[in-house]
Amino acid sequence: MFRWRWLVISLWLAAGVVGLFAVPQVGSILRAGGFSADGIEAEQALARYEAAFGDVGAPIQIVFHHDTLRANEPEFVAQAMVALAPLSNLPEVTAVLPFWDQPAQVSPSGSTAYAMVTVDIEPEFAHHIVPALRENLGPTDLDVHVAGAAVFYADIQALSEADLQRSEAIGLPFALITLLLVFGSIPAAGIPVLAGGASVVVGLAAIWGVGQFTSFSIFALNVVTLVGLGLGADYSLFLVSRFREELADGRTTAEAVERTVATAGRAVVFSGLAVLTGLSSLMIFEFMMLRSIGVGGAIVVLIAMAAATTFVPAMLAVLGPRVNAWRVWRPRLGPRNGWGRLAHAVMRRPVPVFLGVTTFLVVLGLPFLHVRISAPDASVLTTDAPSRQAFDLLRTEFGEGHVAPLFLVSVFPEGPLSAEAIAAQHRLGRALKEDPRVARVRGLASVDDRITLPQYQLLYRDAPAVGDPYVRAIAGTLARGNTSVMIVEPSVASISPEVGELVAAIREYRDAEGLDLLVGGGGAGLTDFVDRLYTDFPKAVAIILSVTFVVLAILFRSIVLPLKAVLLNVLSLLASFGALVLVFQDGWLSNVLRFEPLGFIEATLPIILFALLFGLSMDYEVFLLSRVKEAYDEGHSNTDSVAIGLERSGSVITSAALVVIVVCLAFVTADIVLIKAVGLGAAIAVFVDAAIVRSLLVPATMRLLGRWNWWAPRWMSGTHRGLR
């Protein structure tokens, strides 16, 4: 890097320029959804339905409301016609199903109704048509809202991009101020900011390129940017700090660059591997939303590692001693900073410190015991988001279950209108109507409670030429071939535990009755998503823990140190999870952080945070233990090595953690609750890790373990020496 410094800097500048042209195109590859998988029952139910009834596409609702007019009044209908007329001119719109032909699309109060719009576009990209729909609605005196999954994701993307711009506008200046306080000079502070920015720009450009061949979720954008900014600045700070230390020891610029890359650079690579392991574990999940965060995060981590080990050393090689120029103030240099005294104080009383800190972290994590996990709906958006307003209006006017009903798709070999099939559907419909968790049932044998089973069988006896026109219309809508569908509207929100229990009860009934029936839609999809998610989560945890253990064992030539690091990391993460439950489930600080408490933790949040923060927290463990290992290899005792290692790295780790906390807190300003929670969870975990675990628990634990810290099998030590 010293020899080819100008070439390296030129290549990074070229990559940055190319990235600046590619970054604005990233939004075009982002896909909606990502919360489904082919193997879950809800998806099988949808596939069965589409095989019989046709592709459902991405239906969008145009919702009309008026405080005084009613939907059956001519003026209301005329106003709605004017609003809907221009939509037929859009090439993507294939059909508009008005409410005046569908009584089910009019609310019980009559003041709200909606038209269904179907579009010829893949559901994952249907959110791109939403702005055109909104712009082409005709003028009307009615209150008009656009609703549906596509609208929700359109708002998610718009808010994500706005959140990202705001977070960068807040995070980068505050990170620069923090670095100025740490280093005292503009060049030293500027290098980590440049590296962090380069990591994000080049990383997003790389994601745009990879996105031409694979899927990326809308939710991935902010998480990936947070990782790039945080790690890019974090890793660079460690190298700049070590370079200044080497210069202060009298080395030339060339020697200082070489020594910096050989020590801090090596630690960055192993730290990056720990983060890479965590994020890569997300790729084992079947859900595109998590896989894309894993792929995008891995790309950005690799680029942050590359920036730290190539771009930063090249910049340092160019600057040399001028890295300390343009001083804003003069922080005290050198290792005598009180961290060594703290380490000795902790190690004089290791048992009380170990027990006290461990108890404190366990207490912080206790709220996680009452965590409630659920999948997101429009409630994760702010109340002023257009799709959230439409969602709330539909929920108020039509009921909770109408917004996201369940659908039961059954196959009857003898046909859904046969006497036996009608009897089975009648029994199921009666059982559902008696369940307090059900508000409404629409089925072939659930048209009217006054109609008896023999009468239903008589009505459908002459199928397909059913005599009664109303019943014939019902049969044409709910039966096709040997398949029938039953629509079930729960009385509670689809994200509530009661709906999950209802889905389980329907499936138990199906198994007991021997029905060929699949449950899909609304709460069934959410239930299956959460169940599959946490079936795979233990596999991801096992991968993270085992690979991290192996990486650290290679780095430190020890079995005990990696095991200790893994256990302490899990402890600090549990403390962060407990805080998230208090804030986002129970509502602590909701007024300060400007969000509406969800009453649950979004299902992917613990998984994303575990994958991200386990590696991020391991950064500080690696940098601390690397300095401890250097001292131990120099011949110092275990106790002195711990004190020397903390003395040499304590200020740097604290500074790096402060930069990451500042970047993470910038994302707490996000309007999307999931991104806000990721930012806050990361900030809490990094604070706990740097301020409590590394400064108190690690020295106490290493003092208690003594020489056992460095134990490793003979074959492992020999192999490592051969690799050095």
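Side chains are part of it too, since the values below use all heavy atoms of this structure and drop only hydrogens, waters and symmetry mates. Counting from 1, the numbers follow the sequence of the chain as shown.
With a 6.0 Å radius and a threshold of 12 heavy atoms from other residues, nucleotides or ligands, Trp588 has its CH2 atom at or below the threshold. Under a cut-off of 6.0 angstrom, the local environment of CD in Glu50 is crowded, with over 12 non-hydrogen atoms contributed by other residues, nucleotides or ligands. Atom CZ of Phe174 is surrounded by 12 or fewer heavy atoms from other residues, nucleotides or ligands within 6.0 Å.
Using a 4.5 Å cut-off on side-chain heavy atoms (C-beta onward), Leu605 and Val678 make contact. A 4.5 Å side-chain heavy-atom check between Pro606 and Ile373 finds at least one atom pair inside the cut-off. You'll find the side chain of Gln157 reaches within 4.5 Å of the side chain of His128, heavy atoms only. The shortest distance between side-chain heavy atoms of Phe285 and Ile293 does not fall below 4.5 Å.
Of the possible donor and acceptor atoms, one in the side chain of Arg480 sits under 3.5 Å from a partner among the backbone N and O of Gly476. At least one donor-acceptor pair closer than 3.5 Å links the side chain of Glu602 to the backbone N or O of Thr604. A donor-acceptor contact shorter than 3.5 Å is absent between the side chain of Arg437 and the backbone of Val492. No donor-acceptor distance shorter than 3.5 angstrom exists from the side chain of Glu41 to the backbone of Leu518, with no hydrogens or angles considered. A distance-only check finds a donor-acceptor pair linking the side chain of Asn136 to the backbone of Ala132 [under 3.5 Å].
Sorted by first and then second residue, the salt bridge (charged side-chain N to carboxylate O under 4.0 Å, His left out) pairs with a member in residues 133-143 read Arg134-Asp155; sequence neighbours excluded. For residues 663-676, the salt bridge (charged side-chain N to carboxylate O under 4.0 Å, His left out) pairs, not counting sequence neighbours, are Arg166-Asp671.
Residue Ile675 holds its CD1 atom at 10.5 Å from CG of Leu159, rounded to the nearest 0.5 Å. Separation of atoms CG (Leu142) and CG (Leu69) is listed at 7.0 Å; rounding is to 0.5 Å. The CD atom of Gln165 lies 12.0 Å from the CD1 atom of Ile170; values are rounded to the nearest 0.5 Å.
Each of Phe537, Phe529, Tyr534 was evaluated against Phe287; a single residue qualifies, Phe529, per the ring pair (Phe, Tyr, Trp, His ring centres under 6.0 Å) test.
Ile284 and Ala540 make their closest contact through CD1-N, 3.4 Å (heavy atoms, listed as atom of the first residue, atom of the second, distance).
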Under 3.5 Å donor-acceptor pairs involving side-chain atoms of residues 110-123, not counting sequence neighbours:
unit_1	atom_1	unit_2	atom_2	d
Ser111	OG	Ser109	OG	2.9
Ser111	OG	Glu397	OE1	3.3
Thr112	OG1	His65	ND1	2.7
Thr112	OG1	Glu397	OE1	3.4
Tyr114	OH	His402	NE2	2.7
Thr118	OG1	Thr94	OG1	2.8
Thr118	OG1	Ala95	N	3.3

Indicate every side-chain donor-acceptor pair of residues 206-218 with a distance under 3.5 Å to a residue at least two apart or in another chain.
unit_1	atom_1	unit_2	atom_2	d
Gln212	NE2	Trp208	O	2.9
Ser215	OG	Arg31	NE	3.1
Ser217	OG	Phe219	N	3.0

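Residues that satisfy the side chain to side chain contact (heavy atoms under 4.5 Å, CB included) test with Val581, not counting sequence neighbours, are Pro367, Phe368, His370, Val371, Gln585, Asp586, Ile601. Not counting sequence neighbours, the partners of Asp392 by the salt bridge (Lys or Arg N to Asp or Glu O under 4.0 Å) test are Arg388, Arg395.
Taking the six-membered ring for Trp, Phe407 and Phe53 have ring centres at least 6.0 Å apart.
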